[in-house]
4 protein chains.
Amino acid sequence: MSDMMETLRNEEKMTPKQIEIVKAAIELISEKGYYNTSTSEIAKRAGVAEGTIFRHYHTKKDLLVAIVTPVITNFSAPVFAKKFVSQVFQNDYEHFEDLLYAFIKNRFEFAQSNLPLIKILLQELAFHPEIQTTYKKEFGDKVIPAFNQALDFYKEKGELQDLPNETMIRMMVTTILGFMITRFIVQPDKDWDDEAEINQTIAYIMGGVGS
Amino acid sequence: MSDMMETLRNEEKMTPKQIEIVKAAIELISEKGYYNTSTSEIAKRAGVAEGTIFRHYHTKKDLLVAIVTPVITNFSAPVFAKKFVSQVFQNDYEHFEDLLYAFIKNRFEFAQSNLPLIKILLQELAFHPEIQTTYKKEFGDKVIPAFNQALDFYKEKGELQDLPNETMIRMMVTTILGFMITRFIVQPDKDWDDEAEINQTIAYIMGGVGS
Amino acid sequence: MSDMMETLRNEEKMTPKQIEIVKAAIELISEKGYYNTSTSEIAKRAGVAEGTIFRHYHTKKDLLVAIVTPVITNFSAPVFAKKFVSQVFQNDYEHFEDLLYAFIKNRFEFAQSNLPLIKILLQELAFHPEIQTTYKKEFGDKVIPAFNQALDFYKEKGELQDLPNETMIRMMVTTILGFMITRFIVQPDKDWDDEAEINQTIAYIMGGVGS
Amino acid sequence: MSDMMETLRNEEKMTPKQIEIVKAAIELISEKGYYNTSTSEIAKRAGVAEGTIFRHYHTKKDLLVAIVTPVITNFSAPVFAKKFVSQVFQNDYEHFEDLLYAFIKNRFEFAQSNLPLIKILLQELAFHPEIQTTYKKEFGDKVIPAFNQALDFYKEKGELQDLPNETMIRMMVTTILGFMITRFIVQPDKDWDDEAEINQTIAYIMGGVGS
DNA sequence: TATGAATGAGTATTCATTCAT
DNA sequence: GATGAATGAATACTCATTCAT
């Protein structure tokens, strides 16, 4: 939970009650969904009066957005913007596979320690346009450009097929997200060998299933 | 809409009002989600008294299940059980790519003409255990076995890598679903060249992005 | 049940479906009360369409009244009007105890074979003024006059105290009804020796508990 | 009404609105019965929003039970447990008639100032097993034992016949309840001479109607 | 006569939100 | 900041009753 609260970041400015509210909301909403979770339930679990929630978040949806927005930012942004791109050009990753490994590993661990938040994001994305907007902006402004730079770099190195970046990104993101959703949401209880699965995912991305 | 009602099949036994109810429910729920759609709204759009809904479906959830269950059955089952497997062994598809093409094309068209239903299925799957159960049963009983037979066949022909079927199925299904979700839900308004996209998806499944 | 249908009397003029409706209504209402029994439930148990009930009884309350009215009439009237009074004067009952015995026995057996009807009457009397009116009329017109004649007769014979008839009737009816309610409704499952209880009740009416 | 609210006792812990709710519920339910009284009606009469009812009582039935339970407790318990039994043995009541008089008088006054509550209890007892349970427990644990002690005492004094206590209690309770029901519910508007009626009831209990 | 689909007013209950303390 | 009583609009659902067939 403390990992996750880090994701929410501005904890410093939050009162203790507010922190309890957010914790309770994350737990309940990720378990039962936004519409099946009442503010009174959140208040009860947080050990707080109902009114207190609305002192900090004007509406229930404000609370949801306050929870979900940082996940979006943190899921996509930090990796790329600062370290990753520069690392690529510093030749930190000799092959595209190496970059992929570092990337998947990093996002995998993020997902693992923010699972409830990710669940909420996935489940509610469909119903709340505000969240969709944030997501699209973040993805377009940060993920795509970073990806583009990297892909061009490895294309020139001759490691990638000459497909449009957009197509490649879509294929790769789909595969990576699909892996994580299967791993953490569809079959979380299966006995996974995560390291092997990550490598297999990379192999699939690079070489498909054909022989 | 008439295409979609075919999916729901037992139209013959439905009263005209009942058909209107189902139509209205599909429209509204696919647009706004189950929890944002009230039964009074459905009744109004269907041109029916609210009580009429409950004469045909005892609860609101019953209505949802009645709508979603046939989609699951029709999305996974018919293609496989009868035609596909036998066609594979009759050598109707010389290469695995050919099978893939026929399969994706067929499911693509199904998705296209049942889009609202598919949307509902995807959005509500997370919240309704009843639907999950139906889905898992259908997938386990029909899709997996059919896939297994086909994969073994082309493996022996030397067209596929020697990966566990389960892994291969997961990768392929992920890629195909990911393609369709992008195509129909994330960016439905983009100017797609569907034929090209399908072929590219097949190429990705077979050979990845590496060169 | 056939005993009970006798009480409802005009069976001859009833269609078979109508008889089923009345039977079902008696069963359900006596078990669960009028307000907890829906017409659709009655229709289902009767094996009849919902509309059929309303073809025979314009409203649900009409059905109740049709069931309850004959009980009132039969519970109070027949015994008195014809046989009893004349029997009293024909010296069929030497002592008032003998009359009491014949009366209680007779009403006891009536209650026993019309238990569901009696239950309905007792439970619903409070809520339906129509029933109260019928009851009061029947009681005032038939029971009271018959009782009056009998009481006067045995008073003159010196067998009864010189209390106002009204008071005596109230005491006796209270005791008899109280006995039957205890016997059939409050503790129906107790292992009763009915003959002994009836005699004790008579002894109490005649001599109280003092020594 | 203030007398009655005393019966409900924990008034101190109730908010003003809650008190209004209970008052309104008692009025309406005793007039029209539980099933003919809607929560919206109660809210309106109480001058309160409908939701307020459910803030204090989770369900409509909870409200009924909250109203009825204290009546049961107060109708049977207090008189007996503490004062009465000890008074009997302190020879406060020389004859059984004296005890009877004190008892009936006391319960008569209680019934008089709690009439609506008593009405509700009588009318709803048949339909709500929860209430029946409370009633049976209270009666078995408190009323019966106290009665037993008193009856044994006066039996030894030779003032009572040698009948089983159970039978005697049943007869007496039946007579007393029957008197009160007639007095307050069946014919509340008759011009009663209460003192005379009580004495006549005692005379009946002790000596019956025979001469 | 009997049906059963349809009605629509009515029900208990929920819940996000407000506000006086 | 925090409380929690109060709100009232909205919700899923029920049910007696109607009516075309």
- Query: In a check of side chain to side chain contact (heavy atoms under 4.5 Å, CB included) between A/T37 and each of A/R45, A/E27, A/E31, A/K32, which one passes?
  - Reply: A/K32
- Query: If you check the A/S38 side chain, which of F/dA12, E/dA16, E/dA2 turns out closest?
  - Reply: E/dA16
- Task: Determine: side-chain N/O of A/T15 to OP1/OP2 of F/dA2, distance under 4.0 Å, yes or no.
- Result: yes
- Residue closer to the 5' end of DNA chain F, D/P16 versus B/Y34 (nearest nucleotide): D/P16
- Message: Rounded to whole Å, how long is the line connecting atom OH of D/Y57 with atom P of E/dT14?
- Response: 16 Å
- Looking at F/dA2, F/dG8, F/dA6, which one has an atom nearest to any side-chain atom of A/T52? F/dA2
- Determine which bases of DNA chain E form Watson-Crick or G-U wobble pairs with both distances under 3.5 Å, and write the result as a 5' to 3' dot-bracket string with | for other-strand partners. .||||||||||||||||||||
- Select from C/I53 and B/H56 the residue whose nearest nucleotide in DNA chain E is closer to the 5' end of that strand. C/I53
- Salt-bridge test for D/K61 and D/E130: reply yes if a basic N is under 4.0 Å from a carboxylate O, no otherwise. yes
- Among E/dG4, F/dG8, F/dA2, which is the nearest nucleotide to the side chain of A/K17? F/dA2
- Task: Could you tell me whether B/K60 sits above the aromatic face of B/F54, with NZ or CZ closer than 6.0 angstrom to the six-membered ring centre and within 45 degrees of the axis?
- Result: no
Which atom pairs link the protein and nucleotides 17-21 of chain E when you take only N or O atoms and keep those under 3.5 Å?
| from | atom 1 | to | atom 2 | distance (Å) |
| --- | --- | --- | --- | --- |
| E/dT17 | OP2 | A/K60 | N | 2.6 |

- Message: Checking side chain to side chain contact (heavy atoms under 4.5 Å, CB included) between D/V71 and each of D/I120, D/L117, D/T134, which is the one that passes?
- Response: D/L117
- Residues of residues 126-134 of chain C with any non-hydrogen atom less than 4.0 angstrom from an atom of DNA chain F: list those, numerically ordered, please. none
- Task: Tell me which of D/G47 and A/Q18 sits closer to the 5' end of DNA chain F, going by the nucleotide each one is nearest to.
- Result: A/Q18
- Message: I'd like to know if C/E20 pairs up with C/K17 as an ion pair, taking the criterion as any Lys NZ or Arg NE/NH1/NH2 lying under 4.0 Å from an Asp or Glu carboxylate oxygen.
- Response: no
